[in-house]
Protein chains: 2
Amino acid sequence: MQTSWAPSMFEQLGLIGCGLMGGSFALALKRAGLVKRVVGYSKSPSTTERARQMGVIDVEAPSALLAVSGADIVLLAVPVSATEATFKAIRHLVTPNTLIMDVGSTKRDVVDAARRVLRDHVGCFVPAHPITGKEVSGVEHADANLYAGKQVILTPIERTFTVQLMKATNLWTALGCNVIKMSPQAHDAAYAAVSHLPHLIAFALMNGIAGQDHGKEYLALAGPGFRDFSRIAASDPKMWRDILIANREELLEQSRIFQQTLQSLEQLISGGAGDQLEERIQQASHTRANWRISSPKPQK
Amino acid sequence: MQTSWAPSMFEQLGLIGCGLMGGSFALALKRAGLVKRVVGYSKSPSTTERARQMGVIDVEAPSALLAVSGADIVLLAVPVSATEATFKAIRHLVTPNTLIMDVGSTKRDVVDAARRVLRDHVGCFVPAHPITGKEVSGVEHADANLYAGKQVILTPIERTFTVQLMKATNLWTALGCNVIKMSPQAHDAAYAAVSHLPHLIAFALMNGIAGQDHGKEYLALAGPGFRDFSRIAASDPKMWRDILIANREELLEQSRIFQQTLQSLEQLISGGAGDQLEERIQQASHTRANWRISSPKPQK
């Protein structure tokens, strides 16, 4: 596909976290011809080795700091709770020319960590949240197509360097993503509603059913509606523990609104108020039937 | 496919309700060569006409009673709240040899209506709940494959005639379904947990988000997780109003358990109890990752 701008070609990607998200990013960058060399580091040496054997990374680094050495682009693909420690581990080798991004599902906590740790180099950091994933984790599920056609939210702050934001925008666009920019605060409020709360609900539903005397029998009877509704309950526990806690304020507020709405429906149900109940369901049904995932605008 | 038993060939299906579920049943029976003639009735004459034009039914009946005249099999595919009125409309032409079924998502209310109205002929009625559907309704979406490979729950009562239960079992099996038998009570408890509650939650989630100041912007940012989680929110409002009210006792009990589980997760989140939260998410994730839709056993 022809593009009207030239995405940067990077010399070296320092990949910190060679799991599903990080590994897929490396594969996508390589396939798009946007990087010459990928140096990877994972907390578990066996993961790093696996990533090299699979061709996801070219060189294994023995530490996060050494993965960053010589890199002009760095991706943190670690649980959001590990972000601050990772910034600390790498800050001595960050230069003003390094583009640093993350792929975390929460942004205020990540931006706060970047301010605290990176200080004068905070402008190199372009916080990113690609709206994609799988219910399975690990480098063995890494997929060069994971990001194509998806939304990527960038949440720059006032000190973000224009040049790094532009490089990040061009890079994700070159991977086929629809790039959207907003503040970390707006991001966290929105995703509390449309992602973090649905996950919390799905976890609660599964545990609520499985904990009942006949829970296993009930689950054996569930059909396609349940399958799709509960799919996200299979998500990675460590990752989601971090997200739910990192964004707890917005999440608990969204959960409060949800429970209020649920209880007002319950009142109509227990009172047998069929017409009003139908009207509420009609609203929900109409909203959902007219909803579509935003997809990237066609590139020129 | 060879089967070890001979499914009954029916002379005439009296179809009451020519929508998605009823129309698909007629098409499936015709394709399987299990019925000679389909006489259909819908509340709206334009639906009945449409069904005939599409070849879903062969003859339009001007009333439910006349659809049943001469039928050896009758399917009620109407909203569950219309079941009792439909039984009243047809009872004078029901004979002990008529197999009557429904496709409703709740069973205790339907069985109660059958007892009250059909009286001595209640044995002809085999309550059925096929675990299938679409988010779109109407005869234009009727599909001969709608039932293939799906579960069908039959909830006979002590007075159900053995012969009708056997005919029903053979018929659904011949359509490629996995037939499961249980009591109406057990059915309603199970589906309150794995179907009615997820729908109620999905309706509440959509309305809770859409009702917020920035709700539309939030929805525009939602991704694939939200898409699957909220799919059932687009379901038919009339149908779901009836289901939620008809099964309200079991549903509200399941909703209570769910909210209790949700609130205990919220406590862990607000307290920052990462390890315990991860353990709970791990339970949910494990349960969901090991769950599969039951599929029909291979036929001999």
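Each chain gets a letter, A, B and so on, in the order its sequence line appears, and its residues count up from 1.
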Under 4.5 Å to a heavy atom of chain A? For Ser235(B) that would be backbone
Turns out that what part of Trp291(A) lies under 4.5 Å from chain B's heavy atoms comes down to side chain
Okay, Glu249(A) and chain B: the region with an atom under 4.5 Å from a heavy atom over there is neither
- Item | Test item: side-chain donor near acceptor, Arg280(B) and Ser264(B), under 3.5 Å | yes
Whatever's closer than 4.5 Å to a heavy atom in chain B on Ala193(A) counts as both
Result for side-chain hydrogen bond (donor to acceptor under 3.5 Å, both in side chains) between Arg241(B) and one of Glu278(A), Gln282(A), Gln276(A) points to Glu278(A)
Bottom line for Ala233(B): the part with an atom under 4.5 Å from chain A's heavy atoms is both
- Could you tell me how the ring of Phe203(A) sits relative to the ring of Trp240(A): parallel (under 30°), tilted (30 to 60°) or perpendicular (over 60°)? perpendicular
Filtered by a 4.5 Å non-hydrogen cutoff, the part of residues 216-226 of chain B contacting chain A is Tyr218(B), Leu219(B), Ala220(B), Leu221(B), Ala222(B), Gly223(B), Pro224(B), Gly225(B), Phe226(B)
Gln212(B) and Gln254(A): side chain donor to acceptor below 3.5 Å = yes
Donor on one side chain, acceptor on other, Gln263(B) and Gln259(A), under 3.5 Å: yes
Bottom line for Leu262(B): the part with an atom under 4.5 Å from chain A's heavy atoms is both
Q) Is it true that Asp228(A) and Arg231(B) have a side-chain N and a carboxylate O under 4.0 angstrom from each other? A) yes
